Amino acid sequence: MRDNEKATEIEVITSGDPAYPARLKEIKDYPRQLYFRGGIGMLKKRCVAVVGSRTTTTYGRNTARAIAARLASRGVTVISGMAAGIDACAHEGALNAGGETAAVLGCGPDICYPKQNRPLMSRLETQGLLLSEYEPGTPPEYWRFPQRNRIISGLSEVTVVVQARGRSGALITAELAAEQGREVFAVPGNIDSQYNLGTNKLIQEGAAPLIRVDDILDALGLNGRDEKAMLTELTPLEQQVWQVIRDRGEMGLEEICMVLDDRPQRISPVLSVMEIKGFLHSASGKFFLANR
Amino acid sequence: MLIRMSTAAIAGVEGYPVTVETDISRGMPEFAIVGLGDATIRESVKRIRPAIRNSGYIFPVERLTVNLMPAARPKEGSHFDLPIAVSIILLMEEWEAPEKTAFLGELSLDGRINPVRGVLPMVIGLRRAGMRDIILPRENAEEASFVKDVRIRGASTLEEVIAYVEGARSLPVYRGSKSGKPAAEQLDYVQVIGQESVKRAMVIGAAGRHGMLLMGSPGCGKTMMARRLPTILPSMNDEEQMEVTAIYSVAGLLSREHPIVDQRPFRSPHHSITLTGMIGGGAKPRPGEVSLAHRGVLFLDEMGEFDMRTIDSLRQPVEEGCVRINRNLTELVFPSQVMVVVASNPCKCGNLWDPRRVCTCSQRQLESHRRRLAGPFSDRIDMHIRMMPVDRELLEQRAEDRKGLTSAQMRSQVEGARAIQRSRYAREPYSFNSGLDESGLERYCALDRECTAMLSAAYEKMNLSMRGFHRIIRVARTIADLDGQEQIGTCHIAEALSYRTVETEDRN
Ligand SMILES: [Zn+2]
C-alpha cells in the first residue's frame, strides 16, 4: 500500500509553529504535530468541512461538488477526508473550481487510501494539501478514522454533512463539530431513501438544514455577495487593507502597516471604521475578516 | 545665657525654618533637647559632646537645655547636630550668633560633618524665611546650590564652621558645577525596531498624559517601550527639577554623583512592593514610588502580579496629583503628578496572543486575569495598546532606508500637543486631556454629527461602556491636538477607538 513515488516532500509542523492553524488549536485534543504535503497556508483562510458517506447517490455527489465549488470560488478552503463518495466529490468540486482544498487522512500522509483515489491524491499533492497527524508509513486502521474526524471539524468554522446513512463516520464529524462549538449544516434529503437517514436525523437533532448553498456563505459572513461588489463599498485604502488581511488570514496593526508601507495613524482609523462597518473584527490584538 | 540659631526641618517634602534655642545655666550637669525631637535628635547629645571635645573646644559641665522651635511640630533628622554644637561653642566663647545664617549637618564623633537628606527643601524653606547664608555639609552643597539668592557654604568639619563664624577664615560660596555630568545611557525610540504603531501610541499617551496599558506576550518589548517614554516628554524646567530633586532629597536618594534630578523620573517598582512603599508614609513619612515618579513615569510591569490593594490605592494619588498623609493632626503632602504606564501579559502563562506558543491557562485563570485589569484603578488608564512580537520576516523585506521615528521627532510632536493643551486649560485645575472631566468633555470636546454617529455605531459593534466612551473622547482630543485640529474629527475618533479597553473585546 506504501506509495513510493514522492511528488512533494513530506513536511511536519508542531503546534508551536506559526504556520500551525490557529483554529485547530482551539479544540481540546488538538494534534501536537501534523505531517503535510502541499500548501499549508490555506488553513489560515476561512475553512469549511464538507463530508458525507462513502456510499452515496447522484444527488449527494452533485450537491457535494456544487457546495465545494461555490465555497472554493469565494476563497474558502474546503476540508474533507479523501474517503470515497462525498469526501472525494468535495475535493474534486473545489479543485475544479480552481480553489483550495485539504484532505485530512487517517493514515500516513504518503499512503493512498482508498486505492481508487490515487488520481485525486496526486491532484491534492500538487494543487491542494494532504494532512495527517500520523507519521509517514502509518497504515490506515478503522479506529483511526473517528480520531481523524476531530481534525476535520477542528480545522473548520462550519461543517456541512452532505449525505449520510444511519451509521456514517460523517455523523461523528458532525457531533465533534458541535462539541467544538462549530456550526453544523446538514443537507436534507428525501425520506424514502436510507442514504439520507443520517443527515435528516442530524436536522431532527438540531443541525441547521442547508436550504441553499449560500446559507454557508451567510454563516461565514460572506453573505453570498460577490467580493467585487463588496469591495466597491470600500475606499481604495480600505480595499487594500481588506485584501492584505484576506491574503494572510489574521494580522496585527504593525504588520498591516509594514505590508502597506504606511503610517499607523493612517491605518488604525481605517481598521476601526472597517470594524464598525462590520468588514473586520479584532481580537487578541489581531484583525480578521468579519463574519458578515 | 541664651543663644538662638537658625536651622530647618521637613514636613513631607516641605522645609520650614526652625530656631535652636540653647541655654546654659548653673546646676547639675545635664544636656536635654526639647521640642518634639525624635530618637535621632535625642541621640545627637551623644554625638555632639565628643564632636565638640575632639574639635578642641570645651564642653560645659553645666545645665544645658536645647529647645527646637516651633516646639509643637514633630521633628526628625540628624542635621540638628551642627546648629546645636555651634550654639554651645559660641555660648562658651561668648560670641554672638551670626545674622541671617542657618546651619544644618550631622556630626561624627571626631567633628567631621556628614551629609544629610532633605537639604534642598530645607534650603528652599530657609530662603523663603529670609536667610542669607546657609552652612551645610560639603557633600550637600551641589544639591543646595539649585536655590538662587542665597549663599551656600559647604563645610567638612565643625572647626571650619566655628572659624568661619568667628571670622578667622572664610567658607567660599558654592557656585554649583551642574556640568560635566556623565551622560546616562542614551535611550532612544529609534533603537526599537518594527514597532512604529506602538511608538505612535506612546506619542499620543505622552501628549495627553494618558494612563496606558501595554498588553502583549512576554518578550514583545513592553518594558523597552515604557523605559523610553521619558525621552519624548518635554524636558523639565528649573522649577520642576527643583520640585523633583526636593522629593529625592527627602527620600535620601541623592548622591554625590547625582545631586540633582534633571531628567524626568522613570520608576519601575517591583511587584512585591508594599502599600507604603508605593504610596508613601510610614512612622517617619517618606515619599513612595508614586511621588518619586512625580513629573515623570510610573511603570508597573506585570500589573497582574501586584497586590490589587496596592494598585487600587494609586487611584486617588494619580487622580489628585498628590498623596496626603495624616500624622499627628498635621497633613503631609507628597506630590504625585505622574504618567502611569502598566504592562500586562494577555494571560497568566503569557502565551495567549503568541501564535508560536500554546496558552496553558484554564478558563478560570483567563477570567481572573481579565478581572484584574478591570479593577478601580483601570479608570485611570485611558489607552490599551496591543503589542505583537516583531515580525522579523516582514522587517527584513522592508527597504533598508526606512528608518523608524527617533525620540527627538516624537518629542517635538508631544511638545506641540502639550502647548495647545496648556493654553486651552489655563483656567482649569487640570492641564492635560487625561484630566478632562464630564463638564470639560462637554466644553472642549464638542462632537459633530458624524463623530456622534461613529461613536454610537462603535457602541454597538465594539461593546463600549459609558466610561469607555469618555476615555475614547479624551484620547481623540489628544489625537486632534497632535493633528493641530481644534475640532475633533471622525479620523481622530476612529484612531482613538483602536486603543479601547481590551476586556470589551468581542470574544468569539
Ligand atoms: Zn495563558
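Only a predicted model underlies this, so the values are computations on that prediction, with no experimental measurement involved. Sequence lines set the chain letters: A, B, ... in the order given, protein chains first and strands last, and positions in each chain run from 1.
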Taking CZ in F469(B) as the centre, count heavy atoms belonging to other residues, nucleotides or ligands within less than 6.0 Å. Is the count above 12?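 Check passes, neighbour count above 12.
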- Message: So for atom CD, which belongs to Q239(A), do other residues, nucleotides or ligands contribute more than 12 heavy atoms lying within a distance under 6.0 Å?
- Response: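 Yes, enclosed.
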request  = Please assess I276(A) against L497(B) for the test side chain to side chain contact (heavy atoms under 4.5 Å, CB included), listing each intermediate value before the final yes or no.
outcome  = CA-CA 10 Å; I276(A) 292 172; L497(B) 281 168; 3.6 Å; yes
message: Can you tell me which portion of M454(B) sits under 4.5 Å from chain A's heavy atoms? Options are side chain, backbone, both or neither.
response: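 It is both, since atoms from each part get that close.
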Point to revise | Basic-acidic side-chain contact under 4.0 Å: R500(B), E275(A) | key: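 E275(A) and R500(B): salt-bridged.
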[X] side, atom [atom1]; [Y] side, atom [atom2] - distance, nearest 0.5 Å:
{"X": "S197(B)", "Y": "Q265(A)", "atom1": "OG", "atom2": "CD", "value": "10.0 Å"}
{"X": "I385(B)", "Y": "L253(A)", "atom1": "CD1", "atom2": "CG", "value": "11.5 Å"}
{"X": "E196(B)", "Y": "D262(A)", "atom1": "CD", "atom2": "CG", "value": "12.5 Å"}

### Query
What closest approach, in Å, do S272(A) and A494(B) show between heavy atoms, and which atom pair accounts for it?
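In this case the closest contact between S272(A) and A494(B) is OG-O, 2.6 Å.
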query: Are any of the side-chain heavy atoms of E255(A) and M388(B) separated by less than 4.5 Å?
result: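 E255(A) vs M388(B): side chains apart.
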### Query
In chain order, what residues pass the salt bridge (Lys or Arg N to Asp or Glu O under 4.0 Å) check against R212(A), with sequence neighbours excluded?
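R212(A): salt bridge (Lys or Arg N to Asp or Glu O under 4.0 Å) contacts with D215(A), D218(A).
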Worksheet item: Contact part of L271(A) toward chain B, heavy-atom cut-off under 4.5 Å: side chain, backbone, both or neither?
Response: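 No part of L271(A) comes within 4.5 Å of chain B.
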CA sep, side-chain torsions, deciding dist, call: E254(A), V390(B), side chain to side chain contact (heavy atoms under 4.5 Å, CB included):
CA-CA 8 Å; E254(A) 187 70 34; V390(B) 177; over 6 Å; no
In chain order, what residues pass the side-chain hydrogen bond (donor to acceptor under 3.5 Å, both in side chains) check against R228(B), with sequence neighbours excluded?
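side-chain hydrogen bond (donor to acceptor under 3.5 Å, both in side chains) check on R228(B) returns Q191(B).
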